[in-house]
Amino acid sequence: MESLQSEIQAIGLARARLIQLMAEFFRSQSYLDVRARLPGYPRPAVINGSVRNHQPDVTAIQSDAQGTAILLDAVPIELLSDPETESRWTLFQSAADLYGAEFHIAVPRIAGGMLGPEAVRTRLRAIGIHARYVWSV
């Protein structure tokens, strides 16, 4: 029990909730090889970058004909402007483009009076990258 609590504390409770919801959603939609940064799931592979390495919060493979891989980052609103978030998103978007995968972001629907998906899209434009899908959780 203590290791579960320490792992959730390491990623943060808000992020852990987003990860759990998205991992369960992908499982319920018959996505394959669902991996998540939570106890009880296989861990997603770390993606190596030229500056830093990052681990997606959730990875899965769509059950489409191409078997398209998903790299998902779950982001609480308070971490949108964090430099770590920009580093993660830049690496994940680059890896998705390189390997024919899709980069997705999960964000709370509303937080602090702000619409989560619109805040994410604004941040993506500021960074100069794109995500295939922004999930409103």
Side-chain angles (χ1 to χ4, degrees):
M1 182 69 163
E2 186 172 322
S3 93
L4 171 64
Q5 288 179 346
S6 63
E7 285 190 57
I8 289 175
Q9 285 176 344
I11 61 172
L13 185 57
R15 177 174 248 153
R17 286 183 179 145
L18 291 169
I19 294 169
Q20 179 70 39
L21 287 168
M22 292 308 302
E24 288 303 318
F25 173 77
F26 288 147
R27 278 186 175 173
S28 75
Q29 298 299 305
S30 300
Y31 283 51
L32 307 171
D33 195 26
V34 176
R35 296 174 175 266
R37 287 178 44 195
L38 287 177
Y41 288 90
R43 293 286 202 189
V46 172
I47 298 175
N48 297 313
S50 58
V51 177
R52 292 207 50 202
N53 303 332
H54 294 290
Q55 184 178 41
D57 289 320
V58 180
T59 59
I61 299 174
Q62 293 181 39
S63 53
D64 59 6
Q66 296 81 20
T68 305
I70 303 291
L71 305 173
L72 181 130
D73 198 41
V75 184
I77 290 291
E78 61 272 10
L79 293 180
L80 275 181
S81 59
D82 187 324
E84 178 81 4
T85 298
E86 181 174 340
S87 175
R88 291 172 62 82
W89 289 3
T90 301
L91 179 61
F92 297 156
Q93 188 257 312
S94 178
D97 287 351
L98 183 64
Y99 295 109
E102 294 181 1
F103 170 46
H104 294 205
I105 299 170
V107 65
R109 191 170 304 132
I110 297 175
M114 202 180 340
L115 291 177
E118 189 52 42
V120 167
R121 289 182 189 98
T122 299
R123 182 76 171 124
L124 287 167
R125 281 190 298 274
I127 298 169
I129 62 172
H130 64 279
R132 175 79 170 115
Y133 199 84
V134 177
W135 297 92
S136 178
V137 180

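No experiment lies behind these values; they were computed from the predicted model shown.
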### Stepwise side-chain contact (heavy atoms from CB on, under 4.5 Å) test for Val75 and Leu18
CA-CA 8 Å; Val75 184; Leu18 291 169; 5.7 Å; no
Worked verdict on Trp89 versus His54 for side-chain contact (heavy atoms from CB on, under 4.5 Å)
CA-CA 9 Å; Trp89 289 3; His54 294 290; over 6 Å; no
- Residue pair His130, Asp97: steps toward the side-chain contact (heavy atoms from CB on, under 4.5 Å) verdict: CA-CA 10 Å; His130 64 279; Asp97 287 351; 3.7 Å; yes
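Although no hydrogens or angles enter the test, the distance criterion places no donor-acceptor pair under 3.5 Å between the side chain of Ser94 and the main chain of Leu91. For Gln55 (side chain) and Pro44 (main-chain N/O), a donor-acceptor pair under 3.5 Å exists by modelled atom type. One N or O on the side chain of Thr122 and one on the backbone of Glu118 form a donor-acceptor pair closer than 3.5 Å. Using a distance-only test at 3.5 Å, with no hydrogens or angles considered, a donor-acceptor pair links the side chain of Thr85 to the main chain of Leu79.
Here the side chains of Val58 and Ile70 are not in contact, with every heavy-atom distance at 4.5 Å or above. Two residues are said to be in side-chain contact when any heavy atoms from C-beta on lie closer than 4.5 Å; Ser87 and Val51 fail this criterion. A heavy-atom distance below 4.5 Å is not found between the side chains of Phe25 and Val137. Within the 4.5 Å cutoff, side-chain heavy atoms of Arg15 are placed close to those of Asp73.
Taking the six-membered ring where tryptophan is involved, the planes of Trp135 and Phe26 are perpendicular, since the angle between them exceeds 60° and thus also 30°. Classification of the His104-Tyr133 ring pair by plane angle, with boundaries at 30° and 60°, yields tilted.
Taking all atoms of both residues into account, the shortest heavy-atom contact from Pro117 to Ser136 is CG-CB, 3.6 Å. Considering all non-hydrogen atoms of both residues, Ala45 and Pro56 come closest at O-CD, 3.3 Å. Nearest approach of Ile19 to Arg37, heavy atoms of both residues: CG2-N, 4.2 Å. When every heavy atom of Ala60 is checked against every heavy atom of Val34, the shortest pair comes out as CB-CG2, 4.1 Å.
Note: the hydrophobic cluster containing Leu71 does not contain Leu32 (ILVMFWY, side chain heavy atoms under 4.5 Å, direct or indirect links). Linking Ile, Leu, Val, Met, Phe, Trp and Tyr whenever their side-chain heavy atoms come within less than 4.5 Å puts Ile47 and Ile127 in one cluster. Using a 4.5 Å cut-off between side-chain heavy atoms of Ile, Leu, Val, Met, Phe, Trp and Tyr, with links allowed through other members, Ile61 and Tyr31 fall into different hydrophobic clusters.
To the nearest 0.5 Å, atoms CG (Leu72) and CZ (Arg35) are separated by 15.5 Å. The CD atom of Gln93 lies 9.5 Å from the CD1 atom of Ile105; values are rounded to the nearest 0.5 Å.
A salt bridge links Arg88 with Asp57; the closest basic N to acidic carboxylate O contact falls under 4.0 Å. Salt-bridge check for Glu86 with Arg52: failed, with every basic side-chain N at 4.0 Å or more from each acidic carboxylate O.
Other residues, nucleotides and ligands contribute at most 12 non-hydrogen atoms within 6.0 Å of the CZ atom of Arg132.
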